[in-house]
Amino acid sequence: MLGSLALASPWMLAALALLPAIWLLLRLVPPRPQRIDFPPLRLLYGLLPRGRVAARSPWWLTALRLALAALVIAMLAVPTLRPFNQAGPTRAAPLLFLIDNGWGSAATWAKRREVIQAALAAADQDRRPVAIAALAEPLTDLSLSPAASLGPRLTALAPQPWQASRGAYAPAIASFLRAAPEAEIVWFSDGLADDGDDVFLTALSEAGKQGRVTVYRDDARSSLALAGASNSPSGISVRVLRMSKLDRTLSGTVRALDLKNLPVGQADFNFPAGAAETTAQLDLPVDIRNDVARLEIVGDASAGAVQLLDRTWRRRMVGIVSGQDKDVSQPLLSANYYLTRALEPYADVRTAEGTSPAEAIGRFLDDKLPVLMLADVGNLGDAEAKLSAWIENGGVLVRFAGSRLAAAENTLLPVKLRQGGRTLGGTLSWEKPQKLGSFDANSPFAGLALPDDVSVKRQLLAEPDIDLPGRTWAALADGTPLVTAEKRGNGVVVLFHVTADTTWSNLVLSGTFVEMLRKVVGLAKSAPVAGASATPAGAAAPVYAAPSRTLDGLGAFQVPPVTAQPVRVDQPGIGRPDHPPGFYGPPDGLVAVNALAANAVLKPLDYKALNASLADYTVAKPVALGPVLLLVALALLLADALIVFFMAGGWTRLARAGAGSAALVVLALTLLAPPDAQAQSRPFDAALKTRLAYIVTGDKETDETSLAGLKGLTAYIAERTALEPGPPDGIDPAKDELAFYPLIYWPIVPGKEPPPPAVMARIDAFMKSGGTVIFDTRDAVQQDAGGAATPAGETLKRLLSGLDIPELEPIPAKHVLTKTFYLLDKFVGRYDNGETWVQATAPTSEDSDKPVLGGDGVSPLIITSNDLAGAWAVDAQMNPLFPVSTGLERQRELAYRAGVNMVMYALTGNYKADQVHVQDLLERLGR
């Protein structure tokens with residue numbers, strides 16, 4: 001774009017009126033007087049000059065000096081070339097900014113906001129009123145305001161975790177354009193198509209025909225998203241989406257995390273050129289897969305690039321117990337075979353072989369399986385009481401009819417059965433086989449398609465009861481129950497009134513049977529949703545779950561906004577303003593709401609019908625012309641000086657000076673030349689400014705994390721305290737001097753051999769001379785309740801065996817380290833379950849009334865397993881590199897505070913234990 005000229009001090013141009021006076025002054029200045037020698041012997045010879053001297057300066061010299069004066073005046077006006085050119089030739093019409101701030105804009109939001117701020121600044125310089133519409137937020141009044149007043153609103157604007165709903169703004173935009181028909185529109189688009197785009201584009205079409213619409217879009221990058229995660233027997237698969245208009249390959253990584261935001265696995269994906277969808281496959285064991293709560297695209301920060309997974313998604317373990325005799329000659333016709341084939345796509349099936357039903361049930365209950373299916377099991381024996389308690393605690397029991405169940409009597413049935421059963425279509429029956437009739441609207445089967453080819457030849461009939469209609473989930477065409485269920489405590493008992501094979505019906509051969517089992521297995525959840533009573537089977541009232549943790553537009557967890565409403569547990573839907581993406585319900589019964597539906601696709605926006613001017617999300621910085629004018633003015637000044645020098649005969653005098661002048665010039669240049677810069681070595685740098693240090697272990701990932709962590713801690717210390725440390729150093733204890741560093745961070749790499757004894761002696765001397773070393777095993781997540789040593793713990797033991805280590809203890813509540821700068825009761829890092837150890841301090845009787853233990857000196861070592869550097873680590877933009885275990889930024893803040901306390905402790909010692917600080921500490925502790 002061609003730029004536009006702006007002047008920061010336009011009033012300085014009034015000095016151009018002085019140019020005529022300057023011209024007259026230059027014309028009146030007489031030439032330099034010529035020197036004429038007057039020798040005594042030649043009184044008259046050479047008295048007059050041989051050449052004529054002009055009475056006035058030449059016109060071209062006058063013009064040069066006028067140009068020099070004009071350049072100086074123009075430079076004082078501070079001219080700036082603005083490259084941003086807003087749409088429209090007048091640059092005076094009002095502006096309407098339409099901003100797509102849905103999840104599709106989140107990954108490049110910083111760049112987009114920079115472009116919007118540049119456009120707003122240009123409007124402010126042109127004194128143009130502006131109206132802003134954030135299309136992903138609730139509809140607001142579109143009113144014009146001075147551009148300068150909209151800066152705070154633009155700063156507070158953030159991407160939302162749902163897609164922009166442009167259609168809702170169409171009536172408001174149409175009304176705005178009727179009130180301000182000359183207004184120009186600048187649309188900052190995310191490039192994603194939406195269902196309401198037709199009415200939105202129609203509202204802009206008239207302005208587009210008049211050339212008053214500019215659309216910013218990013219054709220070089222497509223938004224990435226995740227949708228449709230599935231838990232198949234082979235592993236976790238998730239659809240990775242992008243817009244198909246990109247004709248190039250693309251690769252990336254999908255990472256799986258658990259509820260504590262700890263990574264448990266990852267998988268790569270690749271887009272062929274022109275492909276709009278690919279799949280990422282994570283091959284993980286079932287137990288680990290069931291812990292996955294979040295899938296995310298690494299490096300793409302948006303709510304659309306996150307897929308949340310709740311308990312309904314997990315592959316459940318289902319135990320199958322059959323009361324039928326094992327028929328070796330026909331294994332493909334057994335109930336176990338039909339049930340296993342129906343459950344395998346979404347559950348892990350375990351069958352009982354070679355044991356009695358009661359013993360098999362006991363084994364499955366001991367293994368804490370959430371779902372049990374009993375195929376024609378009549379007598380439960382000793383397992384009945386244990387099975388009843390298991391159901392009360394949340395188990396799902398599914399029973400199938402058969403000859404044994406028809407003849408047995410037990411209480412673990414949802415309805416009371418008639419003896420014998422009912423035969424349809426037999427030689428001694430007048431009744432014909434019945435088709436499937438209906439699914440109850442309040443049952444889990446609601447919405448399933450009714451197959452026409454299912455027929456039932458025999459069934460177990462339920463005794464008529466006032467509660468029977470409310471317990472019936474599926475019925476035959478004649479109204480008799482096919483599936484009944486009853487809520488018992490936190491669990492459910494479900495009965496199929498037909499067998500799990502083809503002897504009584506062909507239901508097991510239909511796809512509807514698979515979906516019915518899937519719905520039943522999905523009932524295996526934890527405790528009911530907090531704040532809502534559990535709905536018994538067949539009840540009409542739905543269950544709602546309150547928001548627990550929601551996502552922001554960048555895909556990070558946050559406290560739910562006040563506008564978030566509870567979602568229906570059985571129909572959570574996709575993210576929208578009143579139901580933002582995130583987790584709903586209690587921790588043991590979370591319901592996931594995602595930004596995209598399972599079958600979503602990303603469609604690119606078509607701007608052709610709008611007839612708009614297209615622009616890229618790039619910001620060309622304003623060019624200050626002052627330096628350029630200064631250089632030109634200096635060049636003209638130099639030229640003027642040289643001209644005057646030659647006209648005054650300076651060259652002749654310079655030639656007379658000869659070699660002496662040259663020697664003086666060379667001497668001056670030699671004296672003015674700076675001495676050779678001697679780069680200071682790192683020890684001098686460390687001695688001049690306080691720096692933190694870390695031990696270089698040789699493991700690339702560990703060393704990069706340590707450097708990023710200490711950079712983050714250094715920046716935090718400089719921001720929150722009066723200390724301004726220098727950049728951190730990576731040191732080798734065998735070569736570098738340790739005395740310059742007050743605190744050294746030593747990450748333990750499992751299996752790495754300790755340094756040689758000579759190096760350990762240097763470390764021991766450093767610790768005894770007042771230095772402090774933080775040993776971080778970073779294995780808190782691997783430690784178990786039994787206290788078994790981890791690989792990193794064993795490595796630390798071997799390392800410390802070469803040092804003279806004092807007695808250690810977990811940090812006491814009154815230790816100076818807990819009050820050095822912040823008041824802390826726990827020292828957390830990336831993990832929060834590890835213990836932190838320091839040199840043991842024996843409390844005295846004088847310490848009983850003091851908030852801080854006495855004693856001199858600083859602990860020479862601090863041992864932790866919470867991965868401090870992982871919590872401190874930041875990238876070049878000061879964004880955290882790793883998630884913390886709780887997923888809450890409060891933990892990262894506490895980790896930084898722990899680091900500040902450790903640094904201050906190493907620098908200042910135990911000064912907070914002095915009696916002078918007691919009163920202040922008591923006041924702070926009492927707040």
Side-chain angles (χ1 to χ4, degrees), residues 679-718 723-767 769-779 792 795-796 798-800 802-803 829-830 860-882 895-896 898-900 902-907:
Q680 289 185 331
S681 60
R682 185 165 59 187
F684 288 97
D685 295 337
L688 294 175
K689 196 163 190 178
T690 302
R691 296 169 183 260
L692 305 180
Y694 66 95
I695 297 295
V696 177
T697 62
D699 182 82
K700 181 179 179 182
E701 182 178 356
T702 301
D703 294 340
E704 289 176 351
T705 301
S706 299
L707 177 59
L710 292 189
K711 282 184 178 179
L713 179 60
T714 298
Y716 189 92
I717 291 173
L723 176 64
E724 295 183 2
D729 286 336
I731 59 175
D732 182 354
K735 301 177 181 178
D736 298 320
E737 177 57 51
L738 308 181
F740 296 109
Y741 305 99
L743 185 70
I744 297 176
Y745 177 76
W746 193 325
I748 302 302
V749 179
K752 188 174 180 63
E753 292 299 322
V759 177
M760 297 305 296
R762 296 188 65 194
I763 297 172
D764 202 2
F766 166 76
M767 296 168 61
S769 62
T772 300
V773 181
I774 301 176
F775 295 95
D776 194 344
T777 59
R778 305 172 297 155
D779 59 351
T795 302
L796 178 62
R798 294 196 302 271
L799 179 65
L800 297 182
L803 299 174
R830 189 180 176 193
L861 76 166
I862 300 172
I863 300 177
T864 182
S865 59
N866 282 332
D867 192 6
L868 297 176
W872 301 335
V874 294
D875 58 16
Q877 288 74 38
M878 303 305 293
N879 297 318
L881 286 179
F882 304 103
Y896 276 122
V900 172
M902 292 178 184
V903 173
M904 294 301 176
Y905 176 64
L907 291 173

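Computation of the quantities below employed the complete heavy-atom set of this structure, encompassing side-chain atoms and omitting hydrogens, waters and symmetry-equivalent molecules. Sequential numbering from 1 along the given sequence is applied to the chain's residues.
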If I compare all heavy atoms of [X] with all of [Y], which pair ends up nearest, and what's the gap?
{"X": "I748", "Y": "A792", "result": "CG2-O, 3.6 Å"}
{"X": "R762", "Y": "E737", "result": "NH2-CA, 3.8 Å"}
{"X": "G730", "Y": "V696", "result": "C-CG2, 3.6 Å"}
{"X": "K752", "Y": "R798", "result": "O-NH2, 4.0 Å"}
{"X": "P727", "Y": "R691", "result": "O-NH1, 2.9 Å"}
{"X": "G829", "Y": "A871", "result": "C-CB, 3.5 Å"}

Notebook entry, point to check: Applying the side chain to side chain contact (heavy atoms under 4.5 Å, CB included) test to M902, which of T772, L713, I774 qualifies?
Noted result: I774
Next item on the list: Let me know which of D729, L692, L743 forms a side chain to side chain contact (heavy atoms under 4.5 Å, CB included) with L710.
Entry: L692
Next item on the list: Please confirm whether the backbone N or O of G751 pairs with a side-chain atom of T795, one donor and one acceptor, at under 3.5 Å?
Entry: yes
Within the structure provided, determine whether [X] and [Y] are in side-chain contact (heavy-atom separation under 4.5 Å).
{"X": "L799", "Y": "M760", "value": "yes"}
{"X": "D703", "Y": "T697", "value": "yes"}
{"X": "T690", "Y": "V903", "value": "no"}
{"X": "R778", "Y": "V749", "value": "yes"}

Item checked: Worked check of side-chain hydrogen bond (donor to acceptor under 3.5 Å, both in side chains) between D779 and T777 -> CA-CA 5 Å; D779 59 351; T777 59; 2.5 Å; yes
If I take atom [atom1] from residue [X] and atom [atom2] from residue [Y], how far apart are they, to the nearest 0.5 angstrom?
{"X": "S865", "Y": "R830", "atom1": "OG", "atom2": "CZ", "value": "13.5 Å"}
{"X": "Y905", "Y": "I862", "atom1": "OH", "atom2": "CD1", "value": "7.0 Å"}
{"X": "L803", "Y": "F766", "atom1": "CG", "atom2": "CZ", "value": "12.0 Å"}
{"X": "L738", "Y": "D736", "atom1": "CG", "atom2": "CG", "value": "7.5 Å"}
{"X": "I744", "Y": "I731", "atom1": "CD1", "atom2": "CD1", "value": "3.5 Å"}
{"X": "T702", "Y": "I695", "atom1": "OG1", "atom2": "CD1", "value": "13.0 Å"}

Margin query: Please identify which of these residues, Y694, Y741, F775, meets the ring pair (Phe, Tyr, Trp, His ring centres under 6.0 Å) condition with W746.
Written below: F775
Next item on the list: Kindly assign one of parallel, tilted or perpendicular to the pair Y745 and W872, based on the angle between their ring planes and the thresholds 30° and 60°.
Entry: tilted
